[in-house]
Amino acid sequence: MKRSTDINNQIKYLPLGFFDSGVGGLSVYARFKKILPNENTIYFGDLKNMPYGSKSKDELLSCSRRILDFFEEKRVKAVVIACNTSSATTYEIIKNEYNFKIYPIIQSCAKVISDITMKKVGVFATTATINTSAYKRELQKYNPEIQVYETACPNWTSYIENGLADSEECVVDVSEKVKTMLLNKPDKIILGCTHYPYLMKTLTKYAPEDIFLDPAEIFVEFIKSDLTKSGMLNSAGKTGLEEFYVSANPKEFVKNAKLFYEVRRLPIVI
Ligand code: DGL
C-alpha cells in the first residue's frame with residue numbers, strides 16, 4: 001500500500017505529452033493549461049507531416065508511433081491525442097503498445113456529447129476522420145437514435161497552417177460547407193478537427209456561434225477527472241514546466257499558434 005502511494009506520488013510530477021499535426025492541438029492545450037496550470041507538459045506539432053487528413057492509415061500509424069516513442073523516452077505519465085484524425089485512425093491499434101495512459105479526443109468526448117440532448121448532429125472533420133465514421137460510431141454507441149451528418153473539409157487545416165485563414169478562398173470554402181450543412185437542420189455542428197476553432201470568426205458569419213461544438217472543453221474536463229481518479233493529478237502549487245517540439249517550421253508554428261496560445265520560445269525541431 002505504502003509502496004503504491006509512493007509510486008503515485010512520483011508519477012504525478014511527470015509531464016503529460018500532447019500531440020497534433022500542427023497548431024490545432026493548442027486549442028486543447030490552451031484550455032488544459034488554464035484549468036491545470038500545475039501540470040508539466042510537452043507539446044509536439046508534426047508540421048513536417050501536416051496535413052494528417054490526407055494521409056493513409058499506415059502513414060498515420062507510423063506518425064503516431066514515432067511521436068509516442070518520443071514521449072516514452074521523455075518519461076511522460078500520459079499522452080493526450082489532441083488530434084481527431086489520429087484518434088480516429090490509430091488509437092484502437094496503438095492503445096496497448098505503451099505503458100502510459102493515452103487519451104484520444106473522440107472516444108473521450110463521445111459520451112458527454114451524446115448526453116447533450118441532440119437528435120441531429122453535424123460533424124466537420126478531415127477526410128481521414130470522416131472515412132472512419134468515428135464520430136458517428138462513437139456517438140451512436142451511447143445514443144443509437146442520433147442522426148450524424150459528416151462532412152470532410154480537406155483544405156481547412158492547410159489554410160490555417162499556411163496563414164490563409166482570412167483568405168477569400170478559405171472564406172468561400174467555409175461558407176459553402178456551413179450553408180450545405182445547415183440544410184440538415186442540425187442541433188449542433190461538432191468541430192471534429194482541433195484546427196477548426198481557428199476558423200470561428202468565419203464560421204460564425206454563416207451560423208450562430210452556439211451551434212458549433214468544440215470538444216476541447218469536454219475533453220479537458222475528462223482528462224482532469226481521470227487524472228484525479230487515478231491519483232495522477234499534479235497538485236504541486238507551482239506553475240508547470242513547458243516544452244515545445246515540432247518536426248519542421250518552428251517560426252510558422254509560433255506565428256500561427258498566437259490565436260490560442262503564446263509560445264514564448266522557438267520550439268525545438270526533432
Ligand atoms: N488537427 C488534426 C485533427 O484534429 C489534424 C488535421 C490535419 O493535419 O489534417 O484532426
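Just follow the structure's listing: the first ligand is 1, and inside any ligand the first atom is 1. Being a predicted model, the structure only gives us computed values, none of them experimental.
- The pair Lys201-Asp166 meets the salt-bridge criterion, with a side-chain N (NZ, NE, NH1 or NH2) lying under 4.0 Å from an Asp/Glu carboxylate O.
- Checking side-chain atoms of Asn40 against main-chain N and O of Gly240 turns up no donor-acceptor pair under 3.5 Å.
- Ion pairing between a basic and an acidic side chain is recognised when a charged N comes within 4.0 Å of a carboxylate O; Lys111 and Glu138 show no such pairing.
- Between Tyr196 and Tyr159, a ring centre-to-centre spacing not shorter than 6.0 Å is recorded.
- Looking at Ser247 and Asp46, their side chains come closer than 4.5 Å, going by heavy atoms from C-beta outward.
- Protein residues with any heavy atom under 4.0 Å from ligand 1: Asp20, Ser21, Pro51, Tyr52, Gly53, Cys83, Asn84, Thr85, Thr126, Thr157, Cys193, Thr194, His195.
- For residues 54-88, the set of pairs meeting the ring-ring contact (aromatic ring centres under 6.0 Å, His included) definition, not counting sequence neighbours, comprises Phe44-Phe70, Phe70-Tyr245.
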